[in-house]
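Working notes, structure below.
Treat the numbers as computed from the prediction; the structure is a model and nothing was measured.
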Amino acid sequence: MRKKFDGHIGITMDDSVLHLAESDKKVDKKTNVVYILLDDVGFAQFGCYGSDIETPNIDKLASEGLKYTNFHTTAMCSPTRASLLTGANHHAAGVATIVNHQTDFPNAVGHLHPEYATIAEVLREYDYGTYCVGKWHLAPVETIKNQGPVDEWPIGKGFDKYYGFLNACTDQYYPELVRDNTCIYPPKTPDEGYHLSEDLTDQAIDYLYDHVQAYPDKPFFLYLAYGAGHCPHQVPKKYVEKYKGKFDAGWDAVRERVFKRQKEMGVIPQDAKLTERNKYVPAWDTLNEDQKRLFARYMEVFAGFIDHTDEQIGRVIDYIDSIGEKDNTIIVLLSDNGANGEGGVTGTYNSFGHGALEFDEDEFKLAFSHIDDMGGEYSWENYPIGWGNAGNTPFQWYKTWAHCGGVKDPMIIRYPDGINKAGEIRTQYSHVTDITPTVFELLGVKKPSHIKGVPQKDMHGISFAYSFNDANAETLKKVQYYEMLGNRGIWKDGWKAVTNHLLVDDYADDVWELYHTDEDYSEADNVADQYPEKVEELKSAWYAEAGRYGVFPLGWGTMLASSEKIKEKRKNQRLKTLKEIHEVRTNLFRPITLSQSLAFNDRNNDMILTIDYKQGEEGTLYSVGNRFNGYVLYILDGKLRYAHNYIYREFYYSDPVELTPGRHEIRVSTRVNENMTSGTVSIYVDGAKQTEVTIEHFGFFLGRSLYVKENGINAVVTDIPNRFEYPGVIEKLELKASEYSIDEKRFLDEVLLND
């Protein structure tokens, strides 16, 4: 426990009095806290919520605690994490949507506002050891490099130790890792048995081991956020093979089967209805045999991924038990949003391409040709939209939607000291903002008025501890708004109004639906026409809540719209050259990651390098991305080469350019066509044009790093090795790029839907 000097300081030790006062911030008894967070896992994707996927460790946690079936999130990852860690509504905390979509309006600053301290910052005031392992996704993308700044990384937000990845997702075999405030490489390769989920579990156990050895009487807080089941769905093959044939009946049959099981288990009310198959999801019986085979394989991979993650969760809980701390620990397990529909109709073998809402024959052929590789290190996949629909049974829609399919998610809490009704189900309405206030109530913790000198604002959630031992307790929460990418909703006193907003539509044209959720659990019956006054009442309430919590301005709409509509919108989108950006670096003598914000492939740019080339030197001069999407300039066999990898579908290579020993200025000039998805790359050496290659499809490399003097942790193209460091010195590197204003609809068109 931290102590405060409360004595007297004289001139010498003889006339000084030493007295150390105990801090007034104490917990009544040592109680640990563990948050376990999964990603993109739908309501029906744990065994204890009716799934076909085996999750024995999660199921055991539910049998020893409580399973909540009316729990809600924000519908997307960064915002849910913001609300979970702060107890605040995500717009007020500064995270309107994922931090990659930073606008610098107060509701979307790309990080947490300091007046909403994290649970780690609060618990450190009470002398907790605090440890973060896994996905963060609450720091501005441009800071994800060794140079930082790191104040929005976990160590800057109250954690003593951190090990994980900072962005939305990462390769499970070649992750972009950070330890504390330093970017690192994975400790092993896939050939040596590496998988990220296992590595994260090892690190979590190591942190707890070190903690209990050094401070046996001091409580700990562990925030363990796995990458599963966000894409890429990657898992050792034995876990995939375990599910071979188990999804051959297809998503329609799985929905019916899971729905029946949910009623048998009491997860959903007996009078709940199964919502209709979502729009854009083809009936399974309309697919041909090859399509069924491939689509079933996608789900086998996902099931294996979740099964494997459950095994890792079991390892952590078993370790906590082995040190005698399990019954002294509050364990909360949840998903950050509903199952996603981002794989589109066809699914994606490489989800950098994202899924179109029409059948994509090229994507199908690519994936089918790699069906035996799925889940492995050469795949970066996401399942078809039909499996997202099944994963959210019995609800409609997906991640990013304000309907139940986006916001109603599994949540389990175990705490024997506070729960005497183990194994039961709780149906009281709750929200992710309520978790940390509940934990604070259990611990007897109050949020300080100031943290790090910053005046604090109150949390917005309320404790649901009242429900622990009374299944029939009245819901104390009365209202909760939702907004995600323009989708809006509000729940109030057992009613819910909700509207979808597509990126191709105007807000004035949005139509609000109405559901009486006290009687219609799955939001199956839209009764807006029957109760127009209730619709208007709830719309007014939504605007009041939105104003109270800083929701405005409303921004982008969600991606699900036909590509033809999107193409029509694109006709009016123009590249706006405002000014020229210059980035200059000199004397680059070792590999460096400059920034994730310097990926200028979709705008006009020149990359200019000065090198003093020596015969026999070879390696990467610079690269962006990885084997699934990216581009690279390298020297091999005495020749300068440029290669562009478009989402693993198309590869473009320049003609090799002979290099003579000596100092050379190399300029790679990229010119983008008006559609911003194609163009040309020209290579100049000492001012003379040597070669030009036409790129028919540029990818939008959201969150891809710019590596200098190396090729990252896995190579953009397969004819060069991973890393492939250049041994010489780059005397000067200059990036000259046009800046444009990103129209918000165009941004989502390109980022979320390459059709």
Side-chain angles (χ1 to χ4, degrees), residues 135 144-146 164-179 183-200 227-228 230-237 301 305 348-353 366-367 370 372-382 590-596 598-599 601 618-636 641-653 699-726:
K135 174 175 171 176
I144 303 177
K145 55 185 183 295
N146 265 333
F165 59 101
L166 295 172
N167 213 327
C169 60
T170 195
D171 195 309
Q172 295 288 313
Y173 295 110
Y174 292 98
E176 295 182 320
L177 287 174
V178 170
R179 182 184 292 280
C183 299
I184 62 170
Y185 292 104
K188 295 189 296 187
T189 67
D191 290 341
E192 295 169 322
Y194 183 83
H195 189 279
L196 177 61
S197 296
E198 297 175 15
D199 188 15
L200 296 178
H230 197 292
C231 69
H233 300 162
Q234 297 169 315
V235 68
K237 197 162 190 176
V301 172
F305 195 20
T348 57
Y349 182 69
N350 178 358
S351 53
F352 278 109
L366 172 68
H370 290 278
D372 292 332
D373 302 323
M374 293 176 71
E377 62 175 294
Y378 290 94
S379 67
W380 186 293
E381 63 202 52
N382 201 350
R590 62 181 177 84
I592 186 171
T593 304
L594 289 184
S595 178
Q596 293 202 355
L598 295 180
N601 58 293
E618 59 181 32
T620 304
L621 297 177
Y622 70 85
S623 71
V624 171
N626 54 31
R627 68 166 52 128
F628 300 103
N629 197 28
Y631 51 95
V632 58
L633 181 71
Y634 59 104
I635 299 172
L636 182 66
R641 306 163 190 260
Y642 174 90
H644 182 99
N645 171 354
Y646 172 66
I647 60 174
Y648 214 63
R649 283 192 191 179
E650 301 163 16
F651 294 84
Y652 305 94
Y653 290 86
F700 194 108
F701 302 146
L702 179 68
R704 298 297 93 199
S705 297
L706 171 63
Y707 299 99
V708 180
K709 295 184 91 270
E710 69 173 350
N711 194 36
I713 54 179
N714 58 9
V716 171
V717 289
T718 57
D719 56 340
I720 55 177
N722 297 339
R723 303 285 295 276
F724 197 41
E725 296 181 15
Y726 178 63

Within 45° of the six-membered ring axis of Y648 and under 6.0 Å from that ring's centre, is NZ or CZ of R627 located there?
-> no
NZ of K135 to OG1 of T170: how many Å apart, nearest 0.5 Å?
-> 10.5 Å
Contact check, side chains of D373 and S379, non-hydrogen atoms, under 4.5 Å = no
When rounded to the nearest 0.5 angstrom, what is the spacing between CD in E650 and OH in Y652?
-> 3.5 Å
Is any side-chain heavy atom of T620 less than 4.5 Å from a side-chain heavy atom of Y726?
-> no
In Å and rounded to the nearest 0.5 Å, what is the CG to NZ distance from L166 to K145?
-> 11.5 Å
May I ask you to decide if W380's main-chain N or O and S351's side chain share a donor-acceptor pair within less than 3.5 Å?
-> yes
Mind telling me whether F651 and Y653 have parallel, tilted or perpendicular rings, with 30° and 60° as the class edges?
-> parallel
Begin from the C-alpha positions of Y194 and D199 and carry the test side chain to side chain contact (heavy atoms under 4.5 Å, CB included) through to its verdict.
-> CA-CA 7 Å; Y194 183 83; D199 188 15; 2.7 Å; yes
Partners meeting ring pair (Phe, Tyr, Trp, His ring centres under 6.0 Å) with Y173 (sequence neighbours left out) | H195
For Q234 and Q172, indicate whether the former's side chain and the latter's backbone hold a donor-acceptor pair under 3.5 Å.
-> yes
Working for side chain to side chain contact (heavy atoms under 4.5 Å, CB included), residues L177 and L196 = CA-CA 9 Å; L177 287 174; L196 177 61; 3.8 Å; yes
Would you check if there is a donor-acceptor pair between the side chains of N626 and Y174 at a distance under 3.5 Å?
-> no
Contacts satisfying salt bridge (Lys or Arg N to Asp or Glu O under 4.0 Å) that involve residues 708-721 (not counting sequence neighbours) are E710-R723
Parallel under 30°, tilted from 30 to 60°, perpendicular over 60°: which one fits the rings of Y631 and Y622?
-> perpendicular
Output the distance between atom CD1 (I713) and atom CG (D171), rounded to the nearest 0.5 Å.
-> 6.5 Å
Verify, without hydrogens or angle tests, whether N350 (side chain) and F628 (backbone) share a donor-acceptor contact under 3.5 angstrom.
-> yes
Do V632 and L621 come close enough that some side-chain heavy atom pair is under 4.5 Å?
-> no
Is there side-chain contact between N382 and Y349, with at least one heavy-atom pair below 4.5 Å?
-> no
Could you walk me through whether E377 and D191 pass the side chain to side chain contact (heavy atoms under 4.5 Å, CB included) check?
-> CA-CA 10 Å; E377 62 175 294; D191 290 341; 4.2 Å; yes
List for me each residue that meets side-chain contact (heavy atoms from CB on, under 4.5 Å) alongside P721, sequence neighbours excluded, and say none if there are none.
-> F724
Heavy-atom closest pair (G625 atom, Y707 atom, distance to 0.1 Å) is O-CE1, 4.0 Å
Rounded distance (nearest 0.5 Å) linking atom CG of N714 with atom OG of S623 = 9.5 Å
Side-chain donor or acceptor of E381 paired with backbone N/O of G375 under 3.5 Å = yes
In Å and rounded to the nearest 0.5 Å, what is the CG to CD distance from N167 to E176?
-> 7.5 Å
If you look at every heavy atom in E618 and I635, which pair is closest and at what distance?
-> CB-O, 3.1 Å
May I ask you to decide whether E725 forms a salt bridge with R590, counting only side-chain N to carboxylate O separations under 4.0 Å?
-> no
